[in-house]
Structure formats: C-alpha cells, structure tokens
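Following: one structure in structure tokens, then a few remarks.
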There are 4 protein chains.
Amino acid sequence: MLPRINPTKSEPIYIQLMNEIKYSIAGGMTEPGELLPSVREMALKLRINPNTVARAYRELEHEGVVITRAGKGVFVSEARRNPDKRRALVEIKNVLDGILVDAFHRGVSVEEVRELLDGRIENLNKTRAK
Amino acid sequence: MLPRINPTKSEPIYIQLMNEIKYSIAGGMTEPGELLPSVREMALKLRINPNTVARAYRELEHEGVVITRAGKGVFVSEARRNPDKRRALVEIKNVLDGILVDAFHRGVSVEEVRELLDGRIENLNKTRAK
Amino acid sequence: MLPRINPTKSEPIYIQLMNEIKYSIAGGMTEPGELLPSVREMALKLRINPNTVARAYRELEHEGVVITRAGKGVFVSEARRNPDKRRALVEIKNVLDGILVDAFHRGVSVEEVRELLDGRIENLNKTRAK
Amino acid sequence: MLPRINPTKSEPIYIQLMNEIKYSIAGGMTEPGELLPSVREMALKLRINPNTVARAYRELEHEGVVITRAGKGVFVSEARRNPDKRRALVEIKNVLDGILVDAFHRGVSVEEVRELLDGRIENLNKTRAK
DNA sequence: GTGGTCTAGACCACT
DNA sequence: GTGGTCTAGACCACC
C-alpha cells in the first residue's frame, strides 16, 4: 500500500491519493476491514502535508469507502454503503463521451478506445487474481 | 451550434464550451472550414462574458482545433495538426483506469462499463450519420 | 513578383505583403525604379482585399521603400531615404536577443543559430547573383 | 528577477513578461526548480494587473517553461519537455530572413548583422558566467 | 464587423 | 498564503 503521488500534476494531491487507495481496493490489493496507514505515517512516506492525507481520508469516509474509529485508525469499509447507481451510470457516461471526443481530436479511433478499455479491464482483473 | 453550458457545475465554463465545440466537430455537426459564432455572439447566446468565450477559443486554437483570422472570425481547422498519438493513448488509458475503479466503488461492473462505451460510440456515430 | 501570403498566420496580411516586397527588393529580384503591380491587380492575384494591398503600399511609402505617382502607379524607390541606422541597429539587436532566448528554450544552440544565419546570408546573396 | 516592462510598446505586456522570464532562465540568472514571484507580488512590483501576470505564467506553463503547483506557486521547469527542434529551426530561419531583409532596407549590411549576433551571444553568456 | 489586450475587483479551491 | 475563474467594461488593430 504505497500510493504514487505526482505533486506536479494539476490534479489535487488529495484526489490522487483517494484514487490510489480506491484503485488498491478495487484491485483487491487492499481488503475490506484492513487498517490503512495512519495520517502521519502516510504523510511521511509520501512526503506530503498531513493535512492533505487527512483530507483524503475524510472524503473517502464521506464516500463510504473507509471508516475512521477514534483512537483506532482508518479502516476499509466492510459493507458498501448503498451507492446511487443511476447517478454513477450517468456520470460514467459523461466521462466516456469526453474520452471519445478527446480521442477523435487526437487521432485515436473508437475501436482503439474499445481495445484500450478491454486491456485495462484485463489488467485490473489480473491484479485481483493475485 | 448552440452549446449547453451549466454555470453551476464545478467544471470551468470555458472548458465546458471547449468540450461542446469539440463534441460538435467529432460528431460531424460542425465541419472543417466552418465559421464559428463570433465571440460576442456566442457570449450573448450563452449569457456568459465575452472574455470567457475568447478564452475557450484561444485554448482551442492552441490545441489546433480552430484557427482564428483577425478581423474575420474563428474557423474550424481544415487540416489536423499531427497529434502525438502515443501520448494520447497513455492519457486515455489512465482515464479509463480511473473510470473502472470509480465504477467498482459505485456498484457498476466492468461489463456495464463496456456496454456504456458501446452505447456512447453508437450515439456519436448517429449524430455523424445525419 | 508574386508574393506568398498565408492568411491563416497571425501576422497581419499587409505586413506579410510588405515583407515579401522588401525581400524581393533586397534579393535583387525587383529593382529600383521598377513599377509594382497595381493595387487591384495585386489584390486579384493574391485573392485578398484591395484595401489590404493599399495599406501595404502606403506603409512601404512611409518607410521610403516605394514611391506612388498619382495616375502612374507605385514604383520602387531609386534613392534610399537616409535611414536612422542607429535605431535600426538597436531594433535588430533586440530581435536577435529574442531569437537566442527562444532558441535556448527549444533546444537550439547558439552555434546552430550562427550557422543558420550564415546559411540565410548565403541564400540571399544567391538570389541576388541571378 | 525583476523584469522590465514597457507598457507603451505595442508588444503585449504578457508577452514582454514571458520573454523577460525566458531571458532570465536562458541567461542562467533564474535556475530550474526556482520559485518565481507570486502572481500578486509580480503584479505589484511591475504595477500591472494580476490577470496579466497570470496570463504570462499560464502561457509559459503551456510552453513547458514553468510548472504551477496549486497553492504552492510557480516554479521553473526542471526537465525540458522534448521540443520539436526541426520546427524550431524552420521558424528561426524565417525570423533571420526577416532580419536580413529589414537590415538591407535600413542600411545595415549582413556583416554588421553577423557582428551584432556575435555580440548578443557574448552578452548572454556573460550573464550566465556570473 | 472581427478578435486581442488590459484593468478592476470578486469568489473559489488547494496547501 | 497560493493560483484559477469569471464578470464588467474600455481600448486597439485588422479587414
């Protein structure tokens, strides 16, 4: 569980950290119930501000991905909070539209996008298999 | 060519406008060589500030999507500037990873993502067919 | 004497035309005393607005490069108006500074700039030799 | 790092500022990784609008000369983005042509241009030596 | 008519 | 504290 952070990217660091943690869970590398590194420990490892780590954990809790127990630490949620799937589908749809348009303007065909997606799915399943 | 803008969204207005225009071109609704509405006209239609439209046009020119001729107006590029396809593929790959992870955490399966993509491709081609 | 104009460039058309004419004179392809194409003829050839050609001729006259004789046409100046050489040197110096800095930031060494300059001098003399 | 700006010149202020910063980097007076003055600070020093400074910084980022980190500031790029050198050479060639023609029409010989260039190269290297 | 620049000043997000 | 966005309104150059 050592996320990769790129402080130069325009994407906020706390968002990058959230995504890394979510990726780790989706890929099965971090399991429900598992204890995440403490705010300070994570901040030290990544050489970022503890406030930034705290913010990431706070937002993850808000999304129902983790649960913080006072004096104990931050744990990956056991039960998933019932997510609003309809909303998720709409948002994913929008991002996909954005990808297709961007691809077009950069000389990438829809078929290539489809192949890329298949590749990424395979890749994600592979880490889960481990 | 009447983009839809949502000023309440966190996404900057000028980015939304850029995406709407790129979508319109990718879908074939706006063709190469075509003259876009003037900065002032577009600003009036969308009820936003002319500077915001100008910013969108400027960035699109930077991307090679449009060409502005002083005193004439802003036109959709005829020839595409040779895009860095390798870089595009890497970036698209990253966005797809993000989608898959997000989908997982919101109860959407990879198959559903695949179906969504197919749906969006069909939708884009439909507008082009017209 | 058929200048090349690129309407898509950000550089104003009338400036481009001025430069083409000056280049033609500097290279010896157009000689002092020679009659330039009329405003209308030039405009037709280049497919640009006659006002734009007129503006170029007007500015060239202002610089002492051409002389317009009412009812006769526009001629290349025989005698050079005494130019302000000191000022010219300062301005050229500034442009050279700009080139060197730009070159640095684009991976081009000063030696390469020097070689480029020598090449361009040779090229200009060649056309003059013809 | 205190650029000189001339608001009366026809050259846009933000372009002048960009060039001053690039000159400072090319001359070695400002080094990779260094933090530039904040937008507000620079605006105060130069007595120009913060938006104008922001525009200069934004365009420099676009060119890969600086990197901005939200909430931190704007830094000089460490690694140069691989520039398109071939294109750079062509463009520099064109500017050199323009200089030679301009020089001719203002009574400045090619030898003098060559000497000017050598002088500017020396000048740039001098600041770097410090 | 067109786009381009600049100013003044407000509000927001990130660290 | 930092940069980013947006508005309102003025002025200029080009066609």
Side-chain angles (χ1 to χ4, degrees), chain A residues 5 7 9-17 43 47-56 59, chain B residues 5 7-17 35-43 46-61 66-75, chain C residues 5 7 9-17 43 47-56 59, chain D residues 5 7-17 35-43 46-61 66-75:
Chain A
I5 297 301
K9 276 179 59 179
S10 69
E11 193 177 37
I13 293 176
Y14 81 91
I15 298 273
Q16 291 183 48
L17 180 52
R47 303 188 169 207
I48 60 180
N49 195 305
N51 287 327
T52 306
V53 178
R55 167 114 191 235
E59 304 272 354
Chain B
I5 297 301
T8 69
K9 275 179 60 179
S10 73
E11 192 179 36
I13 295 176
Y14 80 91
I15 299 273
Q16 291 182 49
L17 181 51
L35 176 64
L36 292 181
S38 79
V39 168
R40 291 158 172 89
E41 191 184 340
M42 184 70 95
L46 303 181
R47 302 182 164 219
I48 60 178
N49 191 290
N51 282 325
T52 307
V53 178
R55 167 109 193 243
Y57 282 4
R58 194 193 316 144
E59 304 271 359
L60 283 176
E61 167 142 51
V66 303
I67 291 179
T68 110
R69 298 190 217 179
K72 292 287 192 105
V74 177
F75 300 80
Chain C
I5 298 301
K9 276 179 58 179
S10 70
E11 194 179 36
I13 293 175
Y14 81 92
I15 299 273
Q16 291 183 49
L17 180 51
R47 304 188 169 207
I48 61 179
N49 194 304
N51 287 327
T52 306
V53 178
R55 167 113 191 236
E59 304 269 353
Chain D
I5 296 302
T8 69
K9 275 179 59 178
S10 73
E11 193 179 38
I13 295 176
Y14 79 91
I15 298 274
Q16 291 182 48
L17 180 51
L35 176 64
L36 292 181
S38 79
V39 168
R40 291 158 172 87
E41 192 184 340
M42 183 70 94
L46 303 181
R47 304 186 162 216
I48 61 179
N49 192 288
N51 282 326
T52 306
V53 177
R55 167 108 192 243
Y57 281 4
R58 193 194 316 143
E59 305 271 359
L60 283 175
E61 167 143 51
V66 303
I67 291 178
T68 111
R69 297 189 217 180
K72 291 288 193 102
V74 177
F75 300 81

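Lettering of chains follows the sequences in order, A, B, ..., and the numbering in each one begins at 1. None of the values given here were measured: they were computed from a predicted structure. The basis for the numbers below is simple: all heavy atoms, side chains too, and nothing from hydrogens, waters or symmetry mates.
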Heavy atoms only, 4.0 Å cut-off, all strands: where does [X] land among base, sugar-phosphate and nothing?
| X | value |
| --- | --- |
| D:R55 | sugar-phosphate |
| D:N49 | base |
| B:A70 | sugar-phosphate |

Original post:
Between C:E59 (CD) and F:dC15 (C1'), how many Å, whole number?
Top reply: 14 Å

**OP:** Determine the minimum heavy-atom distance between D:A56 and D:Y14, stating which atoms define it.
**Re:** CB-O, 3.6 Å

Subject >> Ranges pairing with ranges for DNA chain F, where each run has three or more Watson-Crick or G-U pairs under 3.5 Å >> reply: E:1-14 with F:1-14

Original post:
Taking the side chain as C-beta and beyond, is there a heavy-atom pair between B:Y57 and B:T68 under 4.5 Å?
Top reply: no

**OP:** Please figure out whether B:G71 or D:E11 has its closest DNA chain E nucleotide nearer the 5' end.
**Re:** B:G71

Subject >> Residue whose closest nucleotide on DNA chain E lies nearer the 5' end, B:G73 versus D:P12 >> reply: B:G73

Between [atom1] of [X] and [atom2] of [Y], what distance do you get to the nearest 0.5 Å?
| X | Y | atom1 | atom2 | value |
| --- | --- | --- | --- | --- |
| B:T52 | B:Q16 | OG1 | CD | 11.0 Å |
| A:I13 | A:N51 | CD1 | CG | 12.0 Å |
| A:I48 | A:L17 | CD1 | CG | 5.5 Å |
| B:I67 | B:K72 | CD1 | NZ | 13.0 Å |
| D:L46 | D:E41 | CG | CD | 10.0 Å |

Subject >> Non-neighbouring partners of B:R55 that pass salt bridge (charged side-chain N to carboxylate O under 4.0 Å, His left out), sequence neighbours left out >> reply: B:E59

**OP:** Using chain D heavy atoms and a threshold of under 4.0 Å, write down where along DNA chain E the contacts begin and end, 5' to 3'.
**Re:**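 Under 4.0 Å from chain D, the extent on DNA chain E is E:dT5 to E:dT15.
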
Subject >> Closest-nucleotide 5' rank along DNA chain F - winner of D:N51 and D:V74 >> reply: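 Whichever sits nearer the 5' end wins; that is D:V74.
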
Original post:
Given that C:T52 and B:I15 both sit by DNA chain F, which one's nearest nucleotide is further toward the 5' end?
Top reply: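 Here B:I15 is the residue nearer the 5' end.
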
